[in-house]
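Before any comments, here is the structure.
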Amino acid sequence: MNEHTSQPGPRFRFAPSPTGFFHVGGARTALMNWALARRLGGTFVLRIEDTDEARNRPEWTEGIIDALAWIGISDSDEHFEGPHFQSANADAHVAAATRLYESGAAYYCDLSGQEVQDRAKELGITGYDGYSRDRGLEPAPGRVLRFRVPEGSTVVNDLVRGEVSFDNATIEDFVLLRGNGAPMFLLANVVDDIEMSISHVVRAEEHLPNTPKQQMLWNALGHAPPAWAHVPVLVNEQRKKLSKRRDKVALEQYRDEGFLADAMVNYLMTLGWTPPGAEEAGTEIATWAAMEADFALEDVNLSPAFFDVKKLTAFNKQYIKNMDPAEYLAAASAELPEDWDRDRFAAIAPHIQERLETLKDVPGTVDFLFWPQGDGAEPIEYDEAAWEKATKPEWSAALLADVIGAYGSVAPWDHETLKATMEDVMARYEIKLGKAQALPRVAVTGRAVGPPLFEALEVLGRDETLRRLTAAADRSTG
RNA sequence: GCCCCCAUCGUCUAGUGGCCUAGGACACCACCCUUUCAAGGUGGCGGCACGGGUUCGAAUCCCGUUGGGGGUGCCA
């Protein structure tokens, strides 16, 4: 991994806190930062915000790197820098706080959280009232360091939202250092950004209310603030911010459920943004190269976007359909149980490629080819509804018997001949192929739907096909 | 409560004062094709939250209302 890169361009950053899983919303902001860093010849800095010691483990960081790699953000890319760890920079955070205190930009307060609340209630206000502003308290255990919010207003210049103005009177003197001396997120975040020469902070909108505070910190620490950009949050059907508790938000989970990284990346990028040319192309499917070349913060939509698994699934289906045959075969084969014959699967694989929504659908679509075969095998479990429907026509039993007869000697055993033979048989009943194939299909696969029948029979082989057909004939008459 | 953000089909969006009778994608429906299911083709359903302005002209600009969201921690 690159501890340091020397890209001349702007410096972006992605600063997740290790929580054990990778949020799809995080993936989206990471992708946007990545697209910009690469196109602008800049750097994507990964910083792990691990200051919350109570909950975070080393393997979480590994998980983040893996997740990023999965969506194409590789730590061996020349535009990638890190990971840096916030915890490693604790001294700098405290040093910055000390400077703020010494310059008078911050002051100590001995009120406990409870006391602050009680005062607020008494005064009929919310938050902290600046009680210790001019009490000249010295640092001491149990005392928190608070930022002295100046008079006036703070204007945040946001690349996606324009100017956003905050009246400083509505911002309380927030805590920089806890009573135990540990730095707070707001401070650590800013100090790290300054140290890492971050020029662009692109993150989710939930951080917008923090921004005036951070901007004041940048200024108080003697630096011009970075370019800010707050992209809308991702929401669920109830239009609430995606949350770990209620919603499926772990990127890893989608990966494990058979979603392709490219599909996920493409879909995530279309949330709040449309690849230029999508309309003319008649599709929002676009390559990463194209999106990287076209993505612009100024074009990002301002409203929260619903993370729609249905649309993600549609994208995934398209991506599977468009996969290179060899690549597809490898990926699909990986979903099979160990003991399933790979050559046999390879024969049917092309026929199910455009029928899959996710790679996880593979086994369930072709399982009938791998069921126990021969005389001693367990009887097939039929889908009863499918069986009922297929055996309902009065000609069904006769047709099945005829098919068994014809298939007993047909040659060669390939899908074209099998189809032609079926057509000969069905002509006697004046029905169409769609109807004629129904019972044989249920007889062989147990279900009403599946891969193209004759191709499947070709793979199954004459003996087993006949055996299943005969078993079905016995069942329907007996 | 207070602060901030937002508001185009069910969903994601295009649209930056006339090219808008508002376009595309996903979903849904119908038909065609068809070896079931898919895929593909054709068509359909469906939207500028509301009210005031500004303007010759408003989805686009302004104000208000309503609605939604985010934040409001000695969490990040």
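Residue numbering restarts at 1 for every chain, and letters A, B, ... go by the order of the sequence lines. Heavy atoms only: backbone and side chains are in, while hydrogens, waters and symmetry mates are out.
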Exercise for the section: Return the minimal non-hydrogen interatomic distance between A/Arg239 and A/Pro304, and the atom names on each side. Expected result: NH1-O, 3.6 Å
Exercise for the section: Using the six-membered ring of A/Trp395, assess whether NZ or CZ of A/Arg428 lies under 6.0 Å from its centre and within 45 degrees of the ring axis. Expected result: no
Practice task
Using a cut-off of strictly less than 4.0 Å, decide whether A/Arg203 has a side-chain nitrogen or oxygen near OP1 or OP2 of B/G70.
Solution key: no
Problem - Distance test, side-chain N/O of A/Asn168 to OP1/OP2 of B/C3, below 4.0 Å - result: no
Fill in the blank from the handout: Reading nucleotides 29-46 of chain B from 5' to 3' and marking B where a protein heavy atom lies under 4.0 Å of the base, S where only the sugar-phosphate is that close, and - otherwise, the string is ------BBBBSS------
Exercise for the section: Determine whether any donor atom in the side chain of A/Asp50 lies under 3.5 Å from an acceptor atom in the base of B/A76, or the reverse, and answer yes or no. Expected result: no
Exercise for the section: Would you state whether a donor and an acceptor, one from the side chain of A/Glu284 and one from the base of B/G24, lie under 3.5 Å apart? Expected result: yes
Separation of the [atom1] atoms in [N] and [M], to the nearest angstrom:
| N | M | atom1 | value |
| --- | --- | --- | --- |
| B/G47 | B/C4 | C1' | 28 Å |
| B/U60 | B/U54 | C1' | 13 Å |
| B/C19 | B/U11 | C1' | 28 Å |
| B/A76 | B/G40 | P | 49 Å |

Handout entry: Distance-only polar pair, side chains of A/Arg203 and A/His230, donor-acceptor under 3.5 Å
Key = yes
Handout entry: Polar side chain donor-acceptor pair, A/Asn33 to A/His200, under 3.5 angstrom
Key = no
Practice task
Could you label the plane-to-plane angle of the A/Phe21 and A/His23 rings as parallel, tilted or perpendicular, counting under 30° as parallel and over 60° as perpendicular?
Solution key: tilted
Contacts table for residues 316-325 of chain A: side-chain donor-acceptor under 3.5 angstrom, sequence neighbours left out:
{"unit_1": "A/Asn316", "atom_1": "OD1", "unit_2": "A/Leu260", "atom_2": "N", "d": "2.8"}
{"unit_1": "A/Asn316", "atom_1": "ND2", "unit_2": "A/Gly258", "atom_2": "O", "d": "3.4"}
{"unit_1": "A/Asn316", "atom_1": "ND2", "unit_2": "A/Glu357", "atom_2": "O", "d": "2.7"}
{"unit_1": "A/Tyr319", "atom_1": "OH", "unit_2": "A/Asn266", "atom_2": "OD1", "d": "2.5"}
{"unit_1": "A/Tyr319", "atom_1": "OH", "unit_2": "A/Ala286", "atom_2": "O", "d": "3.2"}
{"unit_1": "A/Asn322", "atom_1": "ND2", "unit_2": "A/Gln318", "atom_2": "O", "d": "3.2"}
{"unit_1": "A/Asp324", "atom_1": "OD2", "unit_2": "A/Ala326", "atom_2": "N", "d": "3.2"}
{"unit_1": "A/Asp324", "atom_1": "OD2", "unit_2": "A/Glu327", "atom_2": "N", "d": "3.1"}

